[in-house]
Enquirer: 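There's a structure below that I have some questions on.
This chain uses plain numbering: 1 for the first residue, then up along the sequence.
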Amino acid sequence: MCPNNLVRPRPSEAPDQPGARLIADIGGTNARFAWQAGPGTPLLDAQVLQVADFARLQDAIRAYVDGIGRGMPGALAVAIANPITCDRVHMTNADWSFSQAAVKAEFGLQTFRLLNDFTALALALPDLPATELRQVGGVAPVPRAPIALVGAGTGLGVSGLIPVGEAGWVPLAGEGGHVTLPAITARERLVMDGLTQRYGHASAERLVCGKGLFDTFGLLCQADGVATGTVHNAAGVTEAALEDQHPQAVETLAMFCAVLGTVAGNLALTLGAHGGVYVGGGIVPRLGVWFDTSPFRERFEAKGRFKPYLGSIPVWVITSEHSPALLGAARALDAPT
């Protein structure tokens, strides 16, 4: 429920550079920032801060602005890994909570745009260069057809783009990562049962995210009566799998990719995404070519009579060095409110 009383404190300062923009991409783990001198100009001074190092969003903003020494800009766009339904925001995968009105007032901002992080990433998709994409199956995209987007990191993000007119796009803002986990195999159902007992509802995100990797690994080890060994976190699961050091780690990473494939296939069918499916987030790009031969593509197409329909849809892994969501958030400032 959203409270009816908005927090509206008096501005504590005025912007030092009214025409400049601060752009942020906030996830459950990382807070990425960049500076933009004005509309259409390059993003500069990109930095990554740790969410856990700051008590509030405002503290992270101030640390970044003070660190680059450019002064406070007049506009702020924040892409955040969270649903946005009212003025107050409580992050799902972090401890930050804030009022949009309070943030705008505290920094004396002329403009403050807050949007879901995967909505921002979707806005950047049409202009991603081919050098920042790696195709995993399918053929060429259909021009001006819907586009789907999924990505796993601290959580599981889902979005897409719907074409409007001759050149426009409308991004989708939703919480598709929290759909019920699509368990298909007996081992996936075993994991789903364990996640349900632990959390009450086993969403796709409960398996297809960083914490989900470690939870799944533990449940498989418990079921098989084997020790977890030296694996103590999600990064350890991935490392053990990629180096073939632990059978349950290999199975966990394969299951992660398989379920992500099913989720992506469901989304492609739902949207009619003949414009392609993009895979972002922090986990899959780090898997490299291991992902290309994982069960992802097989499960993406495993829709019975609609296998040929999905077989032609291209999938690209986003390999950008810097978060494209920053560019999407910057574009959100240019859109009519």
Enquirer: Quick check: are there more than 12 heavy atoms from other residues, nucleotides or ligands sitting under 6.0 Å from CD of Gln245?
Expert: yes
Enquirer: Arg299 vs Ile184, test: side-chain contact (heavy atoms from CB on, under 4.5 Å). Steps then yes/no.
Expert: CA-CA 10 Å; Arg299 286 283 289 270; Ile184 292 176; 3.5 Å; yes
Enquirer: Are Leu207 and Glu188 close enough that some pair of their side-chain heavy atoms sits under 4.5 Å apart?
Expert: no
Enquirer: May I ask you to decide if Asn82's main-chain N or O and Asn116's side chain share a donor-acceptor pair within less than 3.5 Å?
Expert: yes
Enquirer: Looking at every heavy atom in both Arg297 and Gly311, which two are closest together, and how far apart are they?
Expert: NH2-O, 3.3 Å
Enquirer: Might you confirm whether atom CD of Gln50 has over 12 heavy atoms from other residues, nucleotides or ligands at distances under 6.0 Å?
Expert: yes
Enquirer: Give the minimum heavy-atom separation between Ala145 and His274, together with the two atoms involved.
Expert: CB-C, 3.8 Å
Enquirer: So with a 6.0 Å cut-off around CZ of Phe306, is the heavy-atom count from everything else above 12?
Expert: no
Enquirer: In plain terms, say whether Asp87 and Lys104 are close enough for a salt bridge, that is, a side-chain N and a carboxylate O under 4.0 Å apart.
Expert: no
Enquirer: Is there a donor-acceptor contact under 3.5 Å from the side chain of Ser312 to the main chain of Tyr309?
Expert: yes
Enquirer: Among Val103, Leu22, Leu333, which one satisfies side-chain contact (heavy atoms from CB on, under 4.5 Å) with Phe112?
Expert: Val103
Enquirer: Short question: side chain of Ser159, backbone of Leu172 - any donor-acceptor pair under 3.5 Å?
Expert: yes
Enquirer: What's the spacing between Thr185 OG1 and Met192 CE if we round to 0.5 Å?
Expert: 12.0 Å
Enquirer: Would you mind reporting whether Gln47 and Ile68 have side-chain heavy atoms less than 4.5 Å apart?
Expert: yes
Enquirer: Evaluate the side-chain contact (heavy atoms from CB on, under 4.5 Å) criterion for residues Val136 and Phe300: first the C-alpha distance (whole Å), next the side-chain angles of each, then the deciding distance (0.1 Å), finally the verdict.
Expert: CA-CA 11 Å; Val136 182; Phe300 176 79; over 6 Å; no
Enquirer: Determine whether a donor-acceptor pair (N or O, by modelled atom type, separation under 3.5 Å) exists between the side chain of Gln135 and the backbone of Gly137.
Expert: yes
Enquirer: Consider only side-chain heavy atoms of I, L, V, M, F, W and Y, link residues closer than 4.5 Å, and tell whether Met91 and Leu49 are in one cluster.
Expert: yes
Enquirer: Answer yes if Leu267 and Val259 sit in the same cluster of Ile, Leu, Val, Met, Phe, Trp and Tyr residues linked by side chain heavy atoms under 4.5 Å apart, and no otherwise.
Expert: yes
Enquirer: May I ask you to check whether His232 and Phe214 place their ring centers less than 6.0 Å from one another?
Expert: no
Enquirer: Is it the case that Thr29 and Thr154 place a side-chain donor and acceptor less than 3.5 Å from each other?
Expert: yes
Enquirer: To the closest 0.5 Å, what do you measure between CG (Leu219) and CZ (Arg198)?
Expert: 5.0 Å
Enquirer: Tell me, do Val170 and Leu161 make a side-chain contact under 4.5 Å, heavy atoms counted?
Expert: no
Enquirer: Locate the shortest heavy-atom distance separating Gln36 from Thr41; write the atom from each residue and the value.
Expert: NE2-O, 2.9 Å
Enquirer: Report yes if some heavy atom in the side chain of Arg331 is under 4.5 Å from a heavy atom in the side chain of Asp127; otherwise report no.
Expert: yes
Enquirer: Does Gln100 use its side chain to pair, donor to acceptor, with the backbone of Cys86 at less than 3.5 Å?
Expert: yes
Enquirer: Nearest heavy-atom pair of Leu271 and Gly160: which atoms, and what distance?
Expert: CD1-CA, 4.4 Å
Enquirer: Side chains of Leu260 and Val279: closer than 4.5 Å at any heavy-atom pair?
Expert: yes
Enquirer: Just how far is it from atom CG of Leu123 to atom CG of Leu115, taken to the nearest 0.5 Å?
Expert: 7.0 Å
Enquirer: So do the side chains of Leu287 and Cys257 get within less than 4.5 Å of each other, counting heavy atoms only?
Expert: yes
Enquirer: Just so I know, are the side chains of Val89 and Leu57 near enough to count as touching, which here means a heavy-atom distance under 4.5 Å?
Expert: no
Enquirer: Strictly below 4.0 Å, N to O, side chains only: are Arg32 and Asp117 in salt-bridge contact?
Expert: no
Enquirer: Taking Glu239 for its side chain and Ala235 for its backbone only, find out whether a donor-acceptor pair lies under 3.5 Å.
Expert: no
Enquirer: Is any side-chain heavy atom of Trp35 closer than 4.5 Å to a side-chain heavy atom of Gln17?
Expert: yes
Enquirer: Is the backbone of Glu132 close enough, under 3.5 Å, to the side chain of Thr319 for a donor and an acceptor to pair up by distance?
Expert: yes
Enquirer: Are the side chain of Arg144 and the backbone of Pro163 linked by a donor-acceptor contact shorter than 3.5 Å?
Expert: no
Enquirer: Would you say Leu310 and Phe291 are hydrophobically clustered, going by side-chain heavy atoms of ILVMFWY under 4.5 Å?
Expert: yes
Enquirer: Looking at Gly28 and Ala94, what are the two nearest heavy atoms and their distance?
Expert: O-CB, 4.0 Å
Enquirer: Quick one: CE on Met255 to OG1 on Thr216, what's the gap to the nearest 0.5 Å?
Expert: 6.5 Å
Enquirer: May I ask whether Val78 and Phe118 are part of the same hydrophobic cluster, defined by side-chain heavy atoms of I, L, V, M, F, W, Y residues being less than 4.5 angstrom apart, directly or through others?
Expert: no
Enquirer: Under the side-chain contact (heavy atoms from CB on, under 4.5 Å) criterion, do Leu253 and Ser294 qualify, and how do the steps go?
Expert: CA-CA 9 Å; Leu253 195 58; Ser294 77; over 6 Å; no
Enquirer: Please report the interatomic distance CD1(Ile23) to CG(Leu326), rounded to the nearest 0.5 Å.
Expert: 7.5 Å
Enquirer: Looking only at heavy atoms, what is the nearest atom pair of Pro73 and Leu109, with distance?
Expert: O-CD2, 3.6 Å
Enquirer: Answer yes or no: is there a donor N or O on one side and an acceptor on the other, between the side chain of Arg206 and the main chain of His178, under 3.5 Å?
Expert: no
Enquirer: Output, in order, the C-alpha distance, side-chain angles, deciding distance and verdict of side-chain contact (heavy atoms from CB on, under 4.5 Å) for Val250 and Asp244.
Expert: CA-CA 6 Å; Val250 174; Asp244 201 16; 3.5 Å; yes
Enquirer: Look at atom CG of Asn233 and say whether more than 12 heavy atoms of other residues, nucleotides or ligands are closer to it than 6.0 Å.
Expert: yes
Enquirer: Is it true that a side-chain atom of Trp169 and a backbone atom of Ala122 form a donor plus acceptor pair closer than 3.5 Å?
Expert: no
Enquirer: Grouping I, L, V, M, F, W and Y whenever their side-chain heavy atoms are under 4.5 Å apart, do Trp316 and Ile283 come out in a common cluster?
Expert: no
Enquirer: In terms of relative ring orientation, are Tyr64 and Phe33 parallel, tilted or perpendicular, with 30° and 60° separating the classes?
Expert: parallel
Enquirer: Nearest 0.5 Å, what's the CD1-CG distance between Ile61 and Leu76?
Expert: 5.0 Å
